[in-house]
Amino acid sequence: MIPISKPDISNLEKAAVMQVMDSGMIVMGPITGRFEQAFADYCGVKHAIAVSSGTSALHLALLAHNIKPGDEVITTAFTFAATVNAILFVGARPVFADLDEQTFNIRPADVEALITPRTKAILPVHLYGHLCDMDELLDISSRYRIPLIEDACQAVSASYKGKLAGSFGTSTFSFYATKNLMCGEGGMITTNDDEVADSCRLLRSHGMRRRYYHEMLGFNFRMTDMEAAIGLTQLNRLPEFNAKRAFNAAYLSAKIESVNTPQGKEGHVHAWHQYTVRINHGRSRDNAVQQLNEAGIGTGIFYPVPLHQQSHIRKVVGNIKLPRTEQMAEEVFSLPIHTQLTTDDLETIVQEVNKL
Ligand SMILES: *Cc1c(COP(=O)(O)O)cnc(C)c1O
C-alpha cells in the first residue's frame, strides 16, 4: 500500500530529541524558544508563539483578538472541524461563506456579503496548502476593520506574490504528524501585533508571566522541547520537503488524465499539503476511491461531510445550503504526494488513476 501520508523522520530528528532528553529541560525550555525565533524569522514576522496543537493555536488566536459570545466569525465549512470548534469554544457563531471551485477556498465576494455589525473576525483556511485570495480578503479586512485570523494549518511555506503564509495577519499553524512540517503534535501562532502575542503567551500557560503569579485565567497549551527539537529540524529541512512535494505534484499533473487535477492560481506558490483531484462526468467518487485502495493506492477525502452538516454545528447554524461546498465534498479525493514517494510509486499512482 502506498500511504496517503508518511512523516519524514530522519536521524537528525532522532538525535535532536535525544539531546533534549539528556538535557533535562523538557517543556517550553530553550529549544522551544529557538523554534519560535526560527519560525518567526522564516515567516518574516515579529512573534511566533509555540503551543500544543493547531487547535489550541486557533483557540488562543480567537481569545487574543477578544472574540466573545455573540460575535460572528466568517469562515468556511470545507475544513477540518478544529477551525469551527475553536470558534464555538469561545462562544462565537460561525458564519459560512461558500467556495471558489478552483482553490476550494472561501470566495471574498461571499465573505463581504455576510458581514454584519456582529462580525468580529474573518477566519480563512488555506486548504490543501493553497492560500486564499489574500488581496481581496485584506482589502475587506481593512475596509470593514475586521481582523483576519488565518488557519494556515495546511499551508506552511505557501505564498502569494512572495508573501508567506503566517505573514498577513494573525496566523495559526499545526505540526500534527501528517502536516508538511510535523512535530507529532504541536502548533504555532504568528503575529506582528505585540498585544496579541502577549495574550497568547499568557493564555498558553495559566496566565503566568512570573511563575505562580496569575494575571488571568489560562490553559496549559505548552509545547515540549522534544516537539520543538523535531520542529526546528523539520524547519531546516522544509526547502527539501517543498521541492519534493512540488516535483511529485508536477509529475502527477503531467500524466493524470482521468480526473481534474488541481490548478493553482496566478502568483501563488502551492505548499502541496494535499494533492486533491475532482471526479467528473457524474462518476462516483466513492467507487473511484475504493478501486484505488484495492489497487494499493492510499487516498484521503478531505472532507466528506462539510461542517455545516455536522450535528453539533447544525444545531448552531440551522439548515443552511452551501451549494459549491456540498458539491466539492462529493467530488474531491486526495492522492499521495508526501516526500517519501519514489518515482515507481508516482508511476503506479498515475497508472491506477488513469484506469478510473
Ligand atoms: C490539522 C488542522 C487543524 C488542527 O490542527 P491540530 O494540530 O490537529 O490540532 C486545524 N485546521 C486545519 C485546516 C487543519 O488541517
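Indexing begins at 1, ligand by ligand and atom by atom, following the structure's order.
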Checking Phe39 against Leu181 for the side chain to side chain contact (heavy atoms under 4.5 Å, CB included) test, could you report, in this order, the C-alpha distance in whole Å, the side-chain angles of both residues, the deciding distance, and whether it holds?
CA-CA 11 Å; Phe39 199 83; Leu181 186 169; 4.3 Å; yes
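- At a heavy-atom cutoff of 4.0 Å, ligand 1 is contacted by the side chain of Asp151 but not by its backbone.
- With hydrogens and angles disregarded, no donor-acceptor distance shorter than 3.5 Å links the side chain of Asp345 to the backbone of Ile2.
- At a 4.0 Å heavy-atom cut-off, ligand 1 does not touch Leu127 at all.
- Of all the atoms in ligand 1, the ones that sit under 4.0 Å from a non-hydrogen atom of Thr55 are 4 (C), 5 (O), 6 (P), 9 (O).
- Contact check on Glu136 versus Arg107 returns no salt bridge, with no Lys/Arg side-chain nitrogen under 4.0 Å from an Asp/Glu carboxylate oxygen.
- Short contacts between ligand 1 and Ala82, defined as distances under 4.0 Å to a heavy atom of the residue, involve ligand atoms 4 (C), 10 (C).
- Listed by atom number, the atoms of ligand 1 under 4.0 Å from Ser53 heavy atoms are 7 (O), 9 (O).
- Close approach to Gly54 involves these atoms of ligand 1, each under 4.0 Å from a residue heavy atom: 5 (O), 6 (P), 7 (O), 9 (O).
- For the pair Asp100 and Lys265, the salt-bridge criterion is met [side-chain N within less than 4.0 Å of a carboxylate O].
- Between Glu150 and Lys163 there is no salt bridge, since no side-chain N of the basic residue sits under 4.0 Å from a carboxylate O of the acidic one.
- The ring of Phe302 has its center no closer than 6.0 angstrom to the ring center of Phe104.
- If you number the atoms of ligand 1 from 1 as listed, the ones under 4.0 Å from a heavy atom of Val125 come out as 13 (C).
- The single protein non-hydrogen atom nearest to atom 15 (O) of ligand 1 is Gln154 NE2, 2.8 Å, given as residue, atom name and distance.
- When hydrogens are left out, the protein atom nearest atom 1 (C) of ligand 1 is Lys179 NZ, 1.5 Å; that is the closest non-hydrogen contact.
- Less than 4.0 angstrom separates some heavy atom of Thr79 from each of these atoms of ligand 1: 13 (C).
- Listed by atom number, the atoms of ligand 1 under 4.0 Å from Thr83 heavy atoms are 11 (N).
- A salt bridge does not link Arg245 to Asp8: none of the charged side-chain nitrogens sits closer than 4.0 Å to a carboxylate oxygen.
- Side-chain N or O atoms of Gln234 include none that pairs as donor or acceptor with a backbone N or O of Cys183 at under 3.5 Å.
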